[in-house]
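These numbers come from the heavy atoms of this one structure, side chains and all, not from hydrogens, waters or symmetry mates. Computed from a predicted structure; not experimentally measured. One-based numbering along the sequence shown.
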Amino acid sequence: MPSHYEYPHVVGFEETNLIGNVYYVHYLRWQGRCREMFLRDHAPEVLDELRAGLKLFTLKVDCEFFAELSALDQVVVRMRLVEVTQTQIEFAFDYLRRGGDGDQLVARGRQRVACLRGENGRSVPARVPASLVRALSRYRPAAVS
C-alpha cells in the first residue's frame, strides 16, 4: 500500500519570477491542488459535502526550500497523512524534481486543515467526514492514531 498520494506537475513559465525560478507561493498552491486531486480521486463524496456547506479551512501552512525549480521542470508533490483528529487533518508534502538521475527533494511542507460548517463568520468546528477518514486511512503512518 502506498504511503503517500502523488500529484504530478510541470512548472509553467507563469509560475516563475524574473530570475527564472519558481515563486514561493506556487509551492503552497500545489499543496492545495494536491489535496483537491486527492479528493477527486479518493473521496468524491466529500465534494458533495463541500457543496452542502462543509468548509476545509487551512489553519497553518509552511514550506522549507532545499533547491530551486525552473520552468518546465517536472515536479511530483507527495502528500502524506500526519494526523487526523475529530475536526482537523494535518498533511506533510514532499516536492521532488523528477529527472533522468532520479528524484531530487527540492522542498518539504506541511498543512493543517480544520473542518467547519456554518455561515461565514459563524462557522463552527465539524467532524472530519467519515468518507474522508476512510480515504485517508490508506495513507496513515503506523504512528498515527
Side-chain angles (χ1 to χ4, degrees), residues 1-51 53-85 87-123 125-126 128-129 131-145:
M1 192 178 311
S3 62
H4 58 269
Y5 172 79
E6 285 192 357
Y7 164 65
H9 181 74
V10 176
V11 176
F13 286 103
E14 74 279 2
E15 295 173 307
T16 62
N17 58 25
L18 293 173
I19 299 170
N21 58 7
V22 172
Y23 188 59
Y24 75 93
V25 76
H26 293 293
Y27 291 82
L28 305 181
R29 277 189 41 239
W30 299 339
Q31 284 185 19
R33 184 71 172 163
C34 184
R35 195 176 76 188
E36 291 167 1
M37 294 298 99
F38 174 83
L39 292 176
R40 182 197 70 179
D41 293 346
H42 296 291
E45 309 84 13
V46 176
L47 300 175
D48 292 332
E49 293 208 41
L50 290 168
R51 289 183 198 100
L54 175 69
K55 296 177 182 120
L56 299 178
F57 185 79
T58 303
L59 298 171
K60 181 179 179 182
V61 64
D62 66 53
C63 197
E64 184 178 10
F65 305 97
F66 308 119
E68 294 181 344
L69 289 172
S70 300
L72 304 181
D73 278 344
Q74 293 182 33
V75 180
V76 174
V77 181
R78 289 184 177 165
M79 182 178 80
R80 294 183 323 280
L81 177 64
V82 174
E83 178 184 41
V84 177
T85 67
T87 62
Q88 296 182 14
I89 308 165
E90 186 167 345
F91 301 101
F93 296 87
D94 290 335
Y95 301 79
L96 304 163
R97 178 184 6 246
R98 189 141 284 165
D101 299 340
D103 293 343
Q104 176 193 11
L105 181 66
V106 296
R108 183 169 278 150
R110 284 175 94 91
Q111 187 178 110
R112 188 154 193 94
V113 176
C115 293
L116 303 172
R117 289 197 183 270
E119 298 300 316
N120 290 335
R122 295 190 175 172
S123 296
V128 176
S131 59
L132 183 51
V133 172
R134 277 191 306 278
L136 289 168
S137 68
R138 63 191 292 197
Y139 302 101
R140 179 184 301 270
V144 174
S145 57

Handout entry: pair S123-K55: side-chain heavy atoms closer than 4.5 Å
Key = yes
Practice task
Working to the nearest 0.5 Å, report the span between CD1 of I89 and CG of L132.
Solution key: 4.0 Å
Problem - Neighbour count above 12 (heavy atom, 6.0 Å) for E14 CD - result: yes
Practice task
Could you pull out the closest heavy-atom pair between T16 and S70, with the gap in Å?
Solution key: CG2-C, 4.3 Å
Problem - Distance (rounded to the nearest 0.5 Å) between W30 CH2 and H9 NE2 - result: 4.5 Å
Problem - Pairs where residues 89-100 contributes a residue and the test side chain to side chain donor-acceptor pair (under 3.5 Å) is met, not counting sequence neighbours - result: Q31-Y95, D73-R97, R80-D94, E90-R110, E90-R112, D94-R108, R97-Q104, R98-D103
Practice task
Taking the side chain as every heavy atom from C-beta outward, state whether C115 and L54 have any pair of such atoms under 4.5 Å apart.
Solution key: yes
Handout entry: Partners meeting side-chain contact (heavy atoms from CB on, under 4.5 Å) with R122 (sequence neighbours left out)
Key = none
With a 3.5 Å cut-off and sequence neighbours excluded, list the donor-acceptor pairs that the side chains of residues 19-28 form with protein atoms.
unit_1 : atom_1 : unit_2 : atom_2 : d
N21    : OD1    : N17    : ND2    : 2.7
N21    : ND2    : E68    : OE2    : 3.0
H26    : ND1    : R29    : NH1    : 2.5

Practice task
Would you sort out whether F13 and L72 count as a side-chain contact (heavy atoms from CB on, under 4.5 Å), showing the intermediate values?
Solution key: CA-CA 7 Å; F13 286 103; L72 304 181; 4.2 Å; yes
Problem - Counterpart residues, salt bridge (charged side-chain N to carboxylate O under 4.0 Å, His left out), relative to R134 (two or more places apart) - result: none
Problem - Partner residues of F38 under the ring-ring contact (aromatic ring centres under 6.0 Å, His included) criterion, sequence neighbours left out - result: Y5, H42, Y139
Problem - Gap separating the CG atom of L47 from the CD atom of E49, nearest 0.5 angstrom - result: 10.0 Å
Practice task
Identify the two heavy atoms, one from Q111 and one from V113, that lie closest to each other, and give their separation to 0.1 Å.
Solution key: OE1-CG2, 3.5 Å
Exercise for the section: Output all residues satisfying salt bridge (charged side-chain N to carboxylate O under 4.0 Å, His left out) with E6, sequence neighbours left out; order by chain, then residue number. Expected result: R78
Exercise for the section: Please answer whether the main-chain N or O of T85 pairs with a side-chain N or O of Q88 as donor and acceptor at a distance below 3.5 Å. Expected result: no
Practice task
Mind listing the closest non-hydrogen atom pair of A43 and S131 along with its distance?
Solution key: CB-O, 4.3 Å
Problem - Distance-minimising heavy-atom pair for L96 and L105 - result: CD2-CA, 3.6 Å
Problem - Non-hydrogen atoms of A114 and L59 that approach each other most closely - result: CB-CD1, 3.7 Å
Handout entry: Verdict with supporting geometry, M79 and Y7, side-chain contact (heavy atoms from CB on, under 4.5 Å)
Key = CA-CA 8 Å; M79 182 178 80; Y7 164 65; over 6 Å; no
